[in-house]
Amino acid sequence: MTQKLVIIGAGMASGRVIETLVETAPDAFDITLFNAEPRGNYNRIMLSPVLSGEKTYEEIVTHDDGWYAQHGVTCRFGEHVVGIDRTRKVVIGQNGEAPYDRLIIGTGSAPFIIPIPGKDLPGVITYRDLDDTNAMIDAAQKGGKAVVIGGGLLGLEAAAGLAERGMEVTVVHLMGHLMERQLDEAAGYLLRRDLEKRGITIKTQASTKAILGEDKAEAVLLEDGETLGADLVVMAVGIRPETRLATDAGLTVARGIEVTAQMQTSDPDIYAVGECVEFDGHLFGLVAPLYDQAKVLAHTLTGETDAFVVRDIATKLKVTGCDLFSAGDFTEAPGREDIVFRDPARGVYKRLVIEGDRLVGAVMYGDTADGNWFFGLIKDGTEIDEMRDTLIFGPAYQGGDQADPLSAVAALPRDAEICGCNGICKGTIVDAIEGGATDLGAVKAQTKASASCGTCTGLVEQLLQVTLGDGFELPTAQPICGCCDLTHEDVRRLIKSQELKSQEAVWQELGWKTRNGCHVCRPAVNFYLLADWPLEYQDDPQSRFVNERKHANIQKDGTFSVVPRMWGGITNPDELRAIADAADKYNVPTVKVTGGQRIDLLGVKGEDLPFIWADLNKAGLVSGHAYSKGLRTVKTCVGTDHCRFGTQDSTRLGIKLEQALWGSWTPHKVKLAVSGCPRNCAEATCKDVGIICVDSGYQVSVGGAAGMDVKETERLIDVPTEAEAIEVTVAFVQLYRENAKYLDRPYKWLGKVGLDWMKERIMDANERARLIEAFELSQSIYRKDPWAEHAQERAASYAPLADLTLEAAE
Amino acid sequence: MSWIDIGHIDDIPLRGARVVKTPVGCVALFRTAEAEIFAASNTCPHKGGPLTDGIVHGQSVTCPLHNWVFDLNTGQAQGEDGRIATYPVRLEGARILLDGEAVGKRSAA
């Protein structure tokens with residue numbers, strides 16, 4: 001007997017149910033199909049190509065009117081369903097009722113709208129269906145600016161489509177990197193880079209506060225106060241199951257309509273399928289599981305036994321030219337290990353996540369050809385132990401011999417290109433080596449190979465090894481750490497020349513072998529980035545040693561020392577009283593006068609730091625940076641103020657220098673001193689910069705040491721005025737910031753580059769002016785008191801996250 | 001196990017750590033990735049350094065005092081004879097749940 005089957009919603013899942021039913025049991029059901037949209041089923045995942053103009057709506061229609069007619073489906077399109085009467089077993093449509101024996105709810109999902117002012121303004125649209133797509137296409141024809149809120153799959157497809165249609169697009173994304181649910185940071189970085197290349201502006205960690213406008217959307221206001229002009233605002237922050245009909249009908253609904261593995265709701269005659277359902281705690285947004293559900297439901301309806309199971313799914317972004325793939329569970333967990341492969345030259349990143357002897361997740365960017373093979377390994381739970389070493393290279397490498405890099409280089413033909421930047425072939429390099437260029441420097445000088453970006457350095461060295469045999473010893477230059485093959489100097493140079501402005505960029509472009517560096521390279525890279533890109537790069541506290549993260553010096557028992565700044569070593573009774581009060585209040589066990597003319601409060605508990613700082617701030621005392629790779633102290637003598645031998649006001653110059661330099665980050669700590677006469681009471685000649693005042697002016701000397709090494713400073717220049725002494729000092733510190741290796745004190749750096757090299761630059765008026773300007777630019781960000789900022793804004797982070805001992809004592 | 005809600009994932013900075021005081025002593029929660037959390041003893045077995053103050057990298061932490069590196073999966077110190085206790089912790093959505101029993105908290109009667 002023919003049963004009456006009513007279906008609410010003509011989406012991809014219900015479409016697949018109908019297809020299966022009319023194929024396997026064409027006469028079993030008399031089907032009525034409601035759809036709120038005035039059209040039938042089309043391939044919603046192809047809306048993005050429609051938006052970008054690569055396809056038309058007609059090309060993505062799955063079932064046209066003829067198809068429905070041919071299979072006897074009664075279509076009630078453009079008609080909203082008002083309710084379900086389960087007692088009488090009828091669906092109530094706007095234009096009348098439809099009785100059912102079995103009912104399928106396929107209402108799909110509704111876009112999530114952030115509850116902010118302006119969300120209902122004309123010009124604010126979501127991205128779910130063809131009408132939304134057409135609205136975007138219409139808006140794009142007028143040109144102008146679009147802001148897409150949400151940097152997930154849908155948001156980015158919308159952004160790319162709008163950009164393709166000529167709009168100026170900004171994506172505002174709440175999280176730290178794009179598509180954080182499908183991608184890790186590294187792949188997110190590459191995606192961002194590719195989208196930015198298409199002129200799309202990306203703002204991450206950006207929260208939307210309101211949409212502004214009178215009668216239509218005109219701008220988007222962010223939490224940080226920035227306003228983005230917008231003729232069109234697309235809200236693509238997520239979806240939620242559309243469950244209103246089910247809830248009204250009294251079905252069991254959690255986040256979605258709850259169904260069994262047979263897609264049955266709490267009413268045995270009512271089924272649900274697609275994005276509106278919740279099964280075993282899972283919601284579904286991608287098409288593969290929806291098709292699985294549809295198949296199970298069709299089988300259930302025709303009396304076959306079948307059960308839906310949740311499977312791993314793979315994601316691809318449908319933006320032409322952005323090649324990304326993610327599958328399985330790559331959001332790591334304890335016990336999982338990573339295999340990471342990066343090919344900077346091709347912009348390729350691959351990461352495999354392994355648990356035990358199985359592959360459980362994969363993220364790939366740039367080269368996704370092996371994606372389906374990896375996906376197969378994940379789905380099948382294949383044991384990968386045997387191929388683990390070569391797994392990341394894909395199926396082509398399995399079962400073969402271990403690749404030997406030297407024999408691979410030896411096997412290259414003479415016309416194989418080694419240096420991509422300068423177009424140098426293997427033959428040219430081999431000829432140069434055979435002609436007497438027997439080390440890397442000589443090859444570089446003669447052929448220009450590896451003289452630009454440097455990423456082929458390893459290849460050139462292998463050619464030296466292959467050509468010279470035992471006559472060649474690999475240079476002893478040490479890489480920063482095990483995370484990479486490059487020296488500090490190489491990394492610094494490449495950060496500048498390749499304009500790398502984030503840690504993700506450095507890890508990717510310079511071929512880091514670990515997920516995110518280690519305690520050795522992270523602080524170095526963080527410094528290089530902030531020194532070279534002060535405006536573009538944001539300092540990362542998590543890449544700093546604890547002292548610089550907590551702005552205090554950690555002691556052997558885990559407590560901290562606190563040293564307030566005393567400009568030029570000058571203090572006064574009010575400051576001293578505040579220090580004494582703080583020492584009392586926070587039970588500071590030791591108060592010590594330091595060699596740099598400061599007072600050190602030792603033994604402060606970590607959780608007290610923000611409070612002692614707030615107290616010291618009240619007395620006008622700021623951080624003395626006694627913990628930083630930065631300006632520590634400027635030591636002075638009393639100069640002409642009191643001393644009968646003083647020739648210049650050394651105290652005033654010391655204070656001015658300290659006020660110019662404080663807060664700046666340097667490769668290692670920097671200590672200065674200014675003495676008022678050659679008797680040198682401030683001990684200036686063993687400092688990083690030491691200034692001796694004389695009758696005729698100021699003798700500026702640099703590169704002293706009085707630590708593990710003891711070394712007298714070397715004279716840089718004599719200048720007649722205080723202002724020029726400050727200029728020269730600032731220029732020197734900036735030159736050091738721009739060029740030295742992390743953790744080299746100035747004297748070590750000078751030992752490498754030579755005093756003459758440095759002098760030449762400081763003496764060149766243009767270069768000196770540039771250095772001073774660059775330093776001032778950086779100081780516009782960093783010349784501020786970190787104590788005040790932390791005490792006011794980050795105090796909570798110094799306290800324990802939770803205290804479970806209190807309740808236990810009850 | 002008795003899972004105790006400790007806080008929101010964003011209470012811990014990415015590649016950062018926070019302390020939780022427990023009956024078995026200070027436990028460190030490490031956030032090694034957007035949605036990846038480990039829990040282990042906060043005290044380095046070498047000289048007692050506070051591991052929450054260390055640099056978090058990969059699935060490891062480096063002690064701030066003398067650079068011992070601990071694998072947070074196992075608690076084992078890299079190349080040293082020493083390890084730290086690890087504790088069950090998991091994420092439910094954005095909430096961090098720590099196993100109360102493992103950190104010596106009596107389960108609710």
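In the text below, chain A, chain B and the rest are named by the order of the sequence lines, each starting its count at 1.
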Exercise. Going from CE on Met175(A) to CG on Asp10(B), what distance comes out if it is rounded to the nearest 0.5 angstrom?
Worked result: 6.0 Å
For this session: Return yes when atom CD of Gln538(A) has more than 12 non-hydrogen atoms of other residues, nucleotides or ligands closer than 6.0 Å, and no otherwise.
Result: no
Exercise. In Å, rounded to the nearest 0.5 Å, how long is the span from CZ of Arg15(B) to CG of Asp540(A)?
Worked result: 6.0 Å
Exercise. Heavy-atom distance under 4.5 Å to chain A: side chain of Ile6(B), backbone, both or neither?
Worked result: both
For this session: For the residue pair Leu801(A) and Ile12(B), establish whether any side-chain heavy-atom pair is separated by less than 4.5 Å.
Result: yes
Exercise. Between Ile96(B), Val89(B), Ile4(B), Asn67(B), which residue shows the highest count of heavy-atom pairs closer than 4.5 Å to chain A?
Worked result: Asn67(B)
Exercise. For chain A, which of Gly48(B), Ser60(B), Pro13(B), Cys26(B) has the most heavy-atom pairs under 4.5 Å?
Worked result: Pro13(B)
Exercise. Donor-acceptor pair, Arg522(A) side chain versus Ile55(B) backbone, under 3.5 Å?
Worked result: no
Seminar exercise, completed: Residues Leu65(B) and Lys556(A): closest non-hydrogen pair is CD1-O, 3.4 Å
Problem set entry | Val103(B) portion near chain A, given a 4.5 angstrom heavy-atom threshold | side chain
For this session: Please state whether the side chain, the backbone, both or neither of Val69(B) comes within less than 4.5 Å of a heavy atom of chain A.
Result: side chain
For this session: Mind listing the closest non-hydrogen atom pair of Ala33(B) and Arg515(A) along with its distance?
Result: CB-NH1, 3.6 Å
For this session: Check whether Ile554(A) gets within reach of chain B through its side chain, its backbone, both or neither, counting any heavy atom under 4.5 Å.
Result: side chain
Exercise. What is the minimum heavy-atom distance between Ala796(A) and Arg18(B), and which atoms define it?
Worked result: O-NH2, 3.2 Å
For this session: Taking the side chain as every heavy atom from C-beta outward, state whether Phe560(A) and Asp53(B) have any pair of such atoms under 4.5 Å apart.
Result: yes
Exercise. Where on Pro50(B) is there a heavy atom nearer than 4.5 Å to chain A: the side chain, the backbone, both, or neither?
Worked result: side chain
For this session: Under 4.5 Å, counting heavy-atom pairs only, tell me which of Asp11(B), Thr52(B), Leu14(B) racks up the most with chain A.
Result: Leu14(B)
For this session: State the CD-CD distance between Glu337(A) and Gln59(B), to the nearest 0.5 angstrom.
Result: 8.0 Å
Exercise. Is there a donor-acceptor pair under 3.5 Å between the side chain of Asn516(A) and the backbone N or O of Gly58(B)?
Worked result: yes
For this session: Tell me, yes or no, whether the heavy-atom count around Lys513(A) atom NZ, taken from other residues, nucleotides or ligands under 6.0 Å, exceeds 12.
Result: yes
Exercise. So what's closer than 4.5 Å to chain B heavy atoms on Lys550(A): side chain, backbone, both or neither?
Worked result: side chain
Exercise. Around atom CD of Gln555(A), are there more than 12 heavy atoms of other residues, nucleotides or ligands at under 6.0 Å?
Worked result: yes
Exercise. Should we say atom CG of Asp224(A) is surrounded by more than 12 heavy atoms from elsewhere, each under 6.0 Å from it?
Worked result: yes
For this session: Could you pull out the closest heavy-atom pair between Thr805(A) and Pro23(B), with the gap in Å?
Result: CG2-N, 3.7 Å
Seminar exercise, completed: Bottom line for Pro523(A): the part with an atom under 4.5 Å from chain B's heavy atoms is side chain
For this session: Take Glu36(B) and Arg336(A), measure what side chain to side chain contact (heavy atoms under 4.5 Å, CB included) needs, and give me the verdict at the end.
Result: CA-CA 11 Å; Glu36(B) 183 181 52; Arg336(A) 290 185 177 173; 5.9 Å; no
Exercise. Do the side chains of Leu804(A) and Leu98(B) get nearer than 4.5 Å, heavy atoms only?
Worked result: yes
Exercise. Which bit of Leu29(B) comes within less than 4.5 Å of chain A, counting heavy atoms only: side chain, backbone, both or neither?
Worked result: side chain
For this session: Tell me, for Thr74(B) versus chain A, whether the close heavy atoms (under 4.5 Å) come from the side chain, the backbone, both or neither.
Result: neither
Seminar exercise, completed: Max heavy-atom pairs within cutoff under 4.5 Å with chain B, candidates Arg544(A), Gln542(A), Glu607(A), goes to Gln542(A)
Problem set entry | Side-chain (Arg549(A)) to main-chain (Gly54(B)) donor-acceptor, under 3.5 angstrom | yes
Seminar exercise, completed: Interface check, chain B: of Cys483(A), Gly517(A), Ser543(A), Cys518(A), most non-hydrogen pairs under 4.5 Å belong to Cys518(A)
